[in-house]
*Asks:* 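Got a structure here, written out as structure tokens. Questions coming.
Positions are given from 1, in the same order as the sequence printed here. Excluded from the calculations below are hydrogen atoms, water molecules and symmetry mates; all remaining heavy atoms, backbone and side chain alike, are included.
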Amino acid sequence: MEKLMSAKTCLKLLQVMPGVQQAATPVSLGALAPPVHNLLQMQQVRHRQTKHWQPEFKRLRKQKFVKMEIPNLREKQEDISKEEMRSRMKERGVLPPRPWMERPFHISCTGGIFEAYVPPEGDGKKSIISTSGAKQKLEFLEKKSKSLMAVRKIRSYEESFSTDDFGAEAQDIYIQAHTHMAAKEKYKIREFVSERCYPEMMHNVKDKTIRWKFLQSLEPPRVVHARVTEVITKENQFAQVTVRFHSQQMLAIYDRFGRLMHGSEILTKDVLEYVVFEKHISNEYGKWRLHDKIIPDWLPPRQPAPITYRLIEEEEEPAKELVAGEESKQLEAGSEQPKEQLQLASPAESRSKPSLAI
């Protein structure tokens, strides 16, 4: 390593060295002795000192650095033998490739309703005093034992679950899901709707304007059915709870032209629904989401929405008669005209038919 010398040290050396005359004026470089002159001609190089200031633990500091094997990028895979490849993979801890492809998948919801609840006929219209209403209550008590066992299973995973409090929670999920559907917010609705219910709710929403409002609940929502099932393994548990909603709502659907297709924004209707909510109870971060709606067989079929057409105005009849009269005169006169001029009235006849606008 080259040593640097300052001007003061050079002057001190000159004073000490014999045979050098001291002068009052500063000494020039040419008058210096040859050895001092050689020292001053050294080139100054600035660099960081690589030597550690404390030589202790030199061996431990050396062990901190790990030597890396640089791969040979020019090496072709065809030139490597199978035994050498096997030894390299064993050394790196890499498993050999399998002849088949396996892709992991996540089951976040079930494909439907297991042991669906059968709504009693005339629910919401017949009282308990009548014979049909009494039969409904007896059937509900018979099916209640399985629901109690399912609720006990749900509580083993979710301690705070209660059938009395779940009705209000389910109503909030129901309102949020339908509000996001009317607003066409396809990303926010996924928090309140399962993957099976999402395409059914968002189907046929495009090019339509939906006005929906939840006004009030005529009866408090209550849990009428609960079931728990396992998927593939016993540890993978799914829970489904059916909630009865009897509420007052407003719904109006407009097509892309602004015409009313269904419902009304002025009239309100009483709606009785059986909505199924599902949760992946085995998942620690699972949520209750709207899964499906039960439509009973005895319910009358819905009326289809009216289809709008676009009609084109027909041409006046006297104009057609004039064209026909002119053609007959020309044929009688024996004038030879091309067929294209004789068939001028044919496009007008084809325009008179109505065409579908949707």
*Asks:* How many angstroms lie between atom CZ of R211 and atom CG of L251, to the nearest 0.5 angstrom?
*Replies:*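 It is 11.5 Å, given to the nearest 0.5 Å.
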*Asks:* Any chance you could lay out the side-chain contact (heavy atoms from CB on, under 4.5 Å) test for F166 and I154, step after step, and finish with the verdict?
*Replies:* CA-CA 12 Å; F166 184 73; I154 294 168; over 6 Å; no
*Asks:* Which pair of non-hydrogen atoms, one from Q171 and one from P221, has the smallest distance, and what is that distance?
*Replies:*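 Heavy atoms of Q171 and P221 come nearest at OE1-CG, 3.2 Å.
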*Asks:* Out of curiosity, does V271 fall in the hydrophobic cluster containing L215 (side-chain heavy atoms, cut-off under 4.5 Å, transitive links)?
*Replies:*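 In one cluster: no.
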*Asks:* Is R86 atom CZ crowded by more than 12 heavy atoms from other residues, nucleotides or ligands, each under 6.0 Å away?
*Replies:*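 No, CZ of R86 has 12 or fewer neighbouring heavy atoms, counting only those of other groups under 6.0 Å.
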*Asks:* With sequence neighbours excluded, what pairs up with R88 under the side chain to side chain donor-acceptor pair (under 3.5 Å) test?
*Replies:*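 Only E75, E84 meet the side chain to side chain donor-acceptor pair (under 3.5 Å) criterion with R88.
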*Asks:* Nearest 0.5 Å, please: how far is CZ in R92 from OG in S87?
*Replies:*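 Separation between the atoms: 9.0 Å.
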*Asks:* Going by atom types only, do E83 and S81 share a side-chain donor-acceptor pair under 3.5 Å?
*Replies:*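 Side-chain D/A pair, E83 to S81: absent.
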*Asks:* How about K186: does its NZ atom have over 12 heavy atoms from other parts shown lying under 6.0 Å from it?
*Replies:*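 Counting neighbours around NZ of K186, 12 or fewer heavy atoms of other residues, nucleotides or ligands fall under 6.0 Å, so no.
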*Asks:* Any side-chain heavy atom of I189 within less than 4.5 Å of one from T179?
*Replies:*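 Not in contact.
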*Asks:* For the residue pair V228 and A150, what are the closest heavy atoms and their distance?
*Replies:*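 Taking every non-hydrogen atom into account, CG2-O, 3.6 Å.
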*Asks:* Hey, could you give me the CZ/CD1 distance between F245 and I175, rounded to the nearest 0.5 Å?
*Replies:*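 The CD1 atom of I175 is 8.0 Å from CZ of F245, to the nearest 0.5 Å.
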*Asks:* Indicate yes or no: at least one non-hydrogen side-chain atom of M85 is less than 4.5 angstrom from one of Q77.
*Replies:*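 Touching, per the 4.5 Å side-chain cut-off.
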*Asks:* Is there a donor-acceptor contact under 3.5 Å from the side chain of K188 to the main chain of Q176?
*Replies:*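 Judged by distance alone, no pair lies under 3.5 Å.
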*Asks:* Do other residues, nucleotides or ligands put more than 12 heavy atoms under 6.0 Å from the CD atom of Q216?
*Replies:*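 Buried by this count: over 12 neighbours within 6.0 Å.
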*Asks:* Could you see if F277 belongs to whatever hydrophobic cluster contains Y157? Use Ile, Leu, Val, Met, Phe, Trp, Tyr and a side-chain cutoff under 4.5 Å.
*Replies:*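 In one cluster with F277: Y157, yes.
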*Asks:* Report yes if the side chains of W288 and E158 come closer than 4.5 Å at any heavy-atom pair, otherwise no.
*Replies:*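 Answer yes - side chains close enough.
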*Asks:* Honestly curious: do V94 and I80 fall in one hydrophobic cluster under the side-chain, below-4.5 Å linking rule?
*Replies:*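 Same cluster: V94 reaches I80 through Ile, Leu, Val, Met, Phe, Trp or Tyr contacts under 4.5 Å.
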*Asks:* Knowing that exactly one of E273, E219, H225 qualifies, which makes a side-chain hydrogen bond (donor to acceptor under 3.5 Å, both in side chains) with R244?
*Replies:*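 Among E273, E219, H225, the one meeting side-chain hydrogen bond (donor to acceptor under 3.5 Å, both in side chains) with R244 is E219.
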*Asks:* Nearest 0.5 angstrom please: T268 OG1 to M250 CE, how far?
*Replies:*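 Answer for the OG1-CE pair, T268 versus M250, is 9.5 Å.
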*Asks:* Measure the shortest side-chain to side-chain distance between I107 and F238 over non-hydrogen atoms and say whether it is less than 4.5 angstrom.
*Replies:*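 Yes. Closest side-chain heavy atoms under 4.5 Å.
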*Asks:* With heavy-atom distances below 4.5 Å as the criterion, would you say the side chains of H178 and F214 are in contact?
*Replies:*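 Not in contact.
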*Asks:* What's the separation between atom CD in Q249 and atom OG in S217, rounded to the nearest 0.5 Å?
*Replies:*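 If we round to the nearest 0.5 Å, Q249:CD and S217:OG are 10.5 Å apart.
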*Asks:* Are the side chain of H291 and the backbone of G112 linked by a donor-acceptor contact shorter than 3.5 Å?
*Replies:*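 Answer holds: yes.
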*Asks:* Less than 4.5 Å apart, side chain to side chain, heavy atoms only: is that true for K287 and I173?
*Replies:*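 Side-chain contact under 4.5 Å: no.
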*Asks:* Is the distance from the ring center of H180 to that of F192 below 6.0 Å?
*Replies:*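 Yes: the rings meet the under 6.0 Å criterion.
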*Asks:* Would you say CE of M149 has more than 12 non-hydrogen atoms from neighbouring residues, nucleotides or ligands within 6.0 angstrom?
*Replies:*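 No, the 6.0 Å shell around CE holds no more than 12 heavy atoms from other groups.
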*Asks:* Would you say I281 ends up clustered with V223 if hydrophobic residues are merged whenever their side chains have heavy atoms under 4.5 Å apart, either directly or through other cluster members?
*Replies:*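 Same hydrophobic cluster.
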*Asks:* Flag yes if F105 and V231 sit in one hydrophobic cluster, no otherwise; membership is Ile, Leu, Val, Met, Phe, Trp, Tyr, and two members link when side-chain heavy atoms are under 4.5 Å apart.
*Replies:*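 Yes, because F105 and V231 connect within a single hydrophobic cluster, where side-chain heavy atoms sit under 4.5 Å apart.
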*Asks:* Could you report the tightest heavy-atom contact between A170 and V243, atom names first, then the distance?
*Replies:*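 That closest heavy-atom pairing would be CB-CG2, 4.0 Å.
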*Asks:* Sorted by first residue and then second, give each side-chain hydrogen bond (donor to acceptor under 3.5 Å, both in side chains) pair with at least one member in residues 229-240; sequence neighbours left out.
*Replies:*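 Output for this query lists T110-Q240, N236-H280, Q240-E278.
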*Asks:* Taking all non-hydrogen atoms of both residues into account, name the closest pair between R196 and C109 and its distance.
*Replies:*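 Closest approach of R196 to C109: N-SG, 3.8 Å.
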*Asks:* Out of curiosity, M261 CE to R256 CZ, how far, rounded to the nearest 0.5 Å?
*Replies:*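 Answer for the CE-CZ pair, M261 versus R256, is 10.5 Å.
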*Asks:* Does the side chain of I113 reach to within under 4.5 Å of the side chain of T242, using non-hydrogen atoms?
*Replies:*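 Side-chain contact under 4.5 Å: no.
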*Asks:* Which atoms form the tightest heavy-atom contact between K208 and N204, and what is the distance?
*Replies:*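 The answer is NZ-OD1, 3.2 Å.
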*Asks:* With a sphere of 6.0 Å drawn around NZ of K293, does it hold more than 12 non-hydrogen atoms of other residues, nucleotides or ligands?
*Replies:*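 Above 12, so yes.
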*Asks:* Would you say D207 has more than 12 foreign heavy atoms packed within less than 6.0 Å of its CG?
*Replies:*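 Counting neighbours around CG of D207, more than 12 heavy atoms of other residues, nucleotides or ligands fall under 6.0 Å, so yes.
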*Asks:* Just wondering, are more than 12 heavy atoms of other shown residues or ligands nearer than 6.0 Å to CG in L60?
*Replies:*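 More than 12 within 6.0 Å, yes.
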*Asks:* What are the two closest non-hydrogen atoms of D292 and E200, and how far apart are they?
*Replies:*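 Scanning both residues, the minimum pair turns out to be OD1-OE1, 4.1 Å.
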*Asks:* Please list, chain by chain and in numerical order, all residues satisfying side chain to side chain donor-acceptor pair (under 3.5 Å) with E78, sequence neighbours excluded.
*Replies:*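 Per chain and number, E78 pairs via side chain to side chain donor-acceptor pair (under 3.5 Å) with no residue.
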*Asks:* Should V193 and R289 count as side-chain neighbours, where that means a heavy-atom distance under 4.5 Å?
*Replies:*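 Heavy-atom side-chain distance check fails, nothing below 4.5 Å.
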